[in-house]
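Below is one structure, written out as structure tokens, with a few remarks after it.
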Amino acid sequence: MASRALATLRCLCHASSPGSSVWRSGVVPHAHGAAIQPRLRPAPVQLSGPALQQTIRAYASKKKSGKKGGKQRSNDDSDDAPPGDPVDMDALEKRMQTHVDWFAAELRTLRAGRASPGILDNVRVQLRGGSAGLSELAMVAVRDAQNLLVIPNSEGELTAIENAIRSAGLGLNPRQEKSTVVVPVPKATKESREKLVKSLGAMAEQLRVHIRRDRQDAMKHVKGAAKAGMPKDEARAWEKDIQAATDKHTGRIEELLKAKSREIERT
């Protein structure tokens, strides 16, 4: 998924001139009853320092199927709970897990002080009659630890590709070399590492907020069922299950953040 959040962190990693304008992470839209594709909305921030990108190991987790009152929960990702249940716990956990999976995927694309093709994922190239994504016009490869190599499908698009990368707000200064475009990636500095850690922390908090919103929605269903006559003990059991799911997924966000922050600080 190409998202503005990834462009955000890449800008934080690669803005090389003081005061350059980059994208800051925004909120992840909340969805009910369907798998969510989290996105971030742009907002300008001021940033200085050279590039910083870092890698992360995939965060793997297994979703467990829950039971309550002897009934197997539905695997359907919707807000329609099984008969007699105020909340579909499988659907709730799936929504929460979507936030965790998205965060893990974003972190995997980041590398500290090393060239990574992913930093150019969101570059748009202006052509006659419109624009196109860089990936549609060229292949991006790693030339060495500090340089990317962009190989256009057509040599006639070399200049347009070079200009697009330079003006993408990533703090990169590409150059043409024969029939390719070479993109030097600045090394990491202490300042750029600190800014990236701070940005990741803000993104993680936004994701935790939306997991808690999922919790609030589920709690409302339980309270409604309690008002309709559900026994208090059963309502408390549902609330306990919902809170446990919330704690589990916010905890995974925190684990991912800490792991990435340690990797950044060691580079």
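Computation of the quantities below employed the complete heavy-atom set of this structure, encompassing side-chain atoms and omitting hydrogens, waters and symmetry-equivalent molecules. Nothing here was measured: the structure is a model prediction, and the numbers come from that model.
- Taking Glu177 as the reference, Arg143, Arg175, Thr180, Val182 meet the side-chain contact (heavy atoms from CB on, under 4.5 Å) condition, with sequence neighbours excluded.
- Proximity of Arg208 to Phe103: side-chain heavy atoms (C-beta onward) are nowhere separated by under 4.5 Å.
- Residues passing the salt bridge (Lys or Arg N to Asp or Glu O under 4.0 Å) test with Asp144: none are found, sequence neighbours excluded.
- Partners of Ala141 according to the side-chain contact (heavy atoms from CB on, under 4.5 Å) rule, which considers only residues two or more places apart in sequence or in another chain, do not exist here.
- Other members of the cluster containing Val209 do not exist, because no ILVMFWY side chain is joined to it at under 4.5 Å.
- The salt bridge (Lys or Arg N to Asp or Glu O under 4.0 Å) search around Arg166 returns Glu162, not counting sequence neighbours.
- Two residues are said to be in side-chain contact when any heavy atoms from C-beta on lie closer than 4.5 Å; Glu191 and Lys195 meet this criterion.
- For Ser131, the side-chain contact (heavy atoms from CB on, under 4.5 Å) criterion is met by Arg124, Gln126, not counting sequence neighbours.
- Residues meeting the side-chain hydrogen bond (donor to acceptor under 3.5 Å, both in side chains) test with Glu155, sequence neighbours left out: none.
- For residues 131-141, the set of pairs meeting the salt bridge (charged side-chain N to carboxylate O under 4.0 Å, His left out) definition, not counting sequence neighbours, is empty.
- Among residues two or more places apart in sequence or in another chain, the side-chain hydrogen bond (donor to acceptor under 3.5 Å, both in side chains) test is passed with Ser167 by none.
- Shown here are the side-chain contact (heavy atoms from CB on, under 4.5 Å) partners of Ala226, two or more places apart in sequence or in another chain: Ala235.
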